[in-house]
Amino acid sequence: MKLKTWILTCLLVLLFAQSSKAGEVLSVDIFGPGQSKVNILVLPARGPGGPGSSALAKSFSENVQSDISYLPFLRLAYMNEILGGDPSKGLKADDIDFKPLQLGRIDLVMTVGGQGQEIEARVYETYTRKLLLGKSYSQVDESGVPLVADRFAAQLMRVLTGKSGFFDSTLAFSKRVNGGKELFTGSALGRGITQITNDGGFNVSPSWSKDGRYVAYTNISDKGHRLGIWDRGKRISRLRKFGGNVAISPTFTPDGSIAISLSINGHPDIYLLDADMNPGKPLAPSWAISVSPSFDLSGRKMVFCSGRLGGPQIFLLNRDSGVVDRITYEGNYNTRPSLSPDGRFVVFARLTGDGHRIFLRDLVANQERQISFGPGNDEDPSFDPDGYFVSFASSRNGGTKIFVTTRYGDPAKQIPTGAGDAMAPAWGVAPALN
């Protein structure tokens, strides 16, 4: 095997190491400091008459390239980097002169073709001429091109990394509606934005169940605080009132229970609700306010925000031992933690001299780093199902919109959510793309 091929193979393994156990989350870091990106070139879309003659294929190609731009371990190369221009005569390996691509240090090359309502797309590894992914789609119209492109991008990410949580996921978030806030859902690429609640008042702090069917949230209105649960299957919401004045930051545990901050005893503590939605004992009792629980996939670790030592800080509860450890020491105002599925990383918002910023704490390495950099305020971080991407709300462009970065602090990209402010994103799973 050529040296270049070996290097590429090693890099792709490092990107997202596949787990040896079913259901286990990512275990190897990707795109670390000094690590090169994989260069991918998308060749001009072709139709029966040659390059550029199929509008459908061209639209598909543009959408795939837009999707790829969200993956920081891939770099979109340009045709002017290739000596002699387009080295292809068709879509298959025998139609491509790979030598100029190798000289241009292109690792992957993608061909796209279309005729009528059919689209073909292939991705080759340039140094072995190996076909990594090849798909054809039929009965595609212009309105369906973006979704087909998303499906192809998800499959490409899965081939390269073994994971595709970014594409196989869904977001729930709050938007301003008629003077209040309602909940909306959409893909991580901003497709299919749909309003899912119409409760009136302010719907905030959404949280997905592990299977992606339910969203728990808080409704704040003249009736007080109420727990809301939206059912994706039935497309309905139910509201429940509790004793006390506070019922905020509900969060699903991996086994389908709900943890919520309630003021049953006069100050907010975090309680686990039983099957009848009745609270048990506080999970991490304290005299101070405790809110914003977040769990790992095992359900045995819970991070949360508490003022038990003064200003709001982030703490970690080991539910097996009952031990609570403080995990943030810098800054006087740290809030809204989100725990990665593997329980290793915590992202949270910190008030700095430049406004709120997103920070990440590595609980294994005991290190902390900033991963968002404004301007404006960056708040409400949420891990994706793979624990690699992080969504958050930011006022950097005026108003409040949702952005996505990675746990390494790659340049943030805005997720389209339509007109109006959008905030408090929560990431959950969606039906897998085939």
Side-chain angles (χ1 to χ4, degrees), residues 1-18 28-54 57-114 119-136 149 152-164 406 408 410-411 413:
M1 181 181 292
K2 295 182 179 180
L3 178 61
K4 177 69 175 183
T5 302
W6 181 83
I7 293 173
L8 175 60
T9 301
C10 292
L11 177 57
L12 293 179
V13 170
L14 286 171
L15 292 180
F16 273 103
Q18 293 197 44
V28 178
D29 288 348
I30 72 174
F31 187 32
Q35 191 171 347
S36 298
K37 297 185 180 185
V38 174
N39 294 319
I40 180 170
L41 175 67
V42 181
L43 296 176
R46 292 179 173 273
S53 67
S54 171
K58 182 179 179 182
S59 176
F60 173 85
S61 175
E62 292 171 349
N63 275 275
V64 169
Q65 291 179 75
S66 176
D67 289 357
I68 287 175
S69 70
Y70 282 89
L71 306 179
F73 45 84
L74 294 181
R75 185 188 77 87
L76 282 166
Y78 297 93
M79 189 60 69
N80 60 13
E81 300 175 38
I82 307 304
L83 185 65
D86 187 354
S88 69
K89 298 179 181 179
L91 307 182
K92 299 180 180 180
D94 290 342
D95 300 322
I96 303 171
D97 181 0
F98 286 95
K99 192 63 177 179
L101 299 173
Q102 296 166 5
L103 293 174
R105 299 184 178 181
I106 303 301
D107 303 301
L108 307 175
V109 62
M110 177 176 169
T111 64
V112 180
I119 296 174
E120 293 182 42
R122 295 173 174 82
V123 176
Y124 297 93
E125 199 281 316
T126 60
Y127 286 84
T128 64
R129 298 163 52 101
K130 177 183 177 182
L131 177 65
L132 298 181
L133 177 64
K135 293 291 178 180
S136 64
F152 186 85
Q155 291 165 328
L156 176 60
M157 183 178 177
R158 196 177 302 130
V159 166
L160 296 179
T161 69
K163 300 289 183 179
S164 56
T406 71
Y408 295 101
D410 287 288
K413 287 181 65 70

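Owing to the predicted nature of the structure, the values given are computational and were not obtained by experimental measurement. Residue numbers run from 1 in the order of the sequence given.
Partners of P48 by side chain to side chain contact (heavy atoms under 4.5 Å, CB included), not counting sequence neighbours, listed by chain and number: S53, Q115. Applying the side-chain hydrogen bond (donor to acceptor under 3.5 Å, both in side chains) criterion to T111, with sequence neighbours excluded, gives no partner residue. Under the rule for a side chain to side chain contact (heavy atoms under 4.5 Å, CB included), L83 has no partner lying at least two apart in sequence or in another chain. Shown here are the ring-ring contact (aromatic ring centres under 6.0 Å, His included) partners of F60, two or more places apart in sequence or in another chain: F152. Every residue two or more places apart in sequence or in another chain was checked for a ring-ring contact (aromatic ring centres under 6.0 Å, His included) with F98, and none qualifies.
Between N39 atom CG and R105 atom CZ the span is 9.5 Å, to the nearest 0.5 Å. Here OG of S66 is found 6.5 Å from NZ of K413. Values are rounded to the nearest 0.5 Å. Separation of atoms CG (L43) and CE (M110) is listed at 9.5 Å; rounding is to 0.5 Å.
Shortest non-hydrogen contact noted between P72 and T406 is CG-CG2, 3.6 Å. Across all non-hydrogen atoms, the minimal contact from M79 to G85 is SD-C, 3.7 Å. Here the closest heavy-atom approach between residue G47 and residue S54 is recorded as CA-CB, 3.8 Å.
Without hydrogens or angle criteria, D107 side chain to V38 main chain gives no donor-acceptor distance under 3.5 Å.
Residue pairs satisfying the salt bridge (charged side-chain N to carboxylate O under 4.0 Å, His left out) criterion with at least one member in residues 62-76, sequence neighbours excluded, are listed as follows: D67-R191, R75-E81. Sequence neighbours left out, the pairs with a member in residues 38-49 that pass salt bridge (charged side-chain N to carboxylate O under 4.0 Å, His left out) are R46-D86.
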| message | Apply side chain to side chain contact (heavy atoms under 4.5 Å, CB included) to residues L41 and I82 and explain how you reach the verdict. | response | CA-CA 10 Å; L41 175 67; I82 307 304; 3.7 Å; yes

| said: What verdict does the side chain to side chain contact (heavy atoms under 4.5 Å, CB included) test give for L101 and Y124, after you've listed the backbone C-alpha separation in whole Å, the side-chain angles of each residue and the deciding distance to 0.1 Å? | reply: CA-CA 11 Å; L101 299 173; Y124 297 93; over 6 Å; no

| said: As a quick check of understanding, evaluate side chain to side chain contact (heavy atoms under 4.5 Å, CB included) for I96 and T126, giving each step before the final call. | reply: CA-CA 10 Å; I96 303 171; T126 60; over 6 Å; no

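K135 places none of its side-chain heavy atoms less than 4.5 Å from the side chain of V123. Inter-residue side-chain proximity for L108 and L160 is flagged as met; some heavy-atom pair is nearer than 4.5 Å. Looking only at side-chain heavy atoms (C-beta outward), L156 and I40 come within less than 4.5 Å of each other.
Between the side chains of Q65 and S61, at least one donor N or O lies within less than 3.5 Å of an accepting N or O.
A salt bridge (Lys or Arg N to Asp or Glu O under 4.0 Å) with R129 is found for one member of D95, D94, D97 and no other, namely D94.
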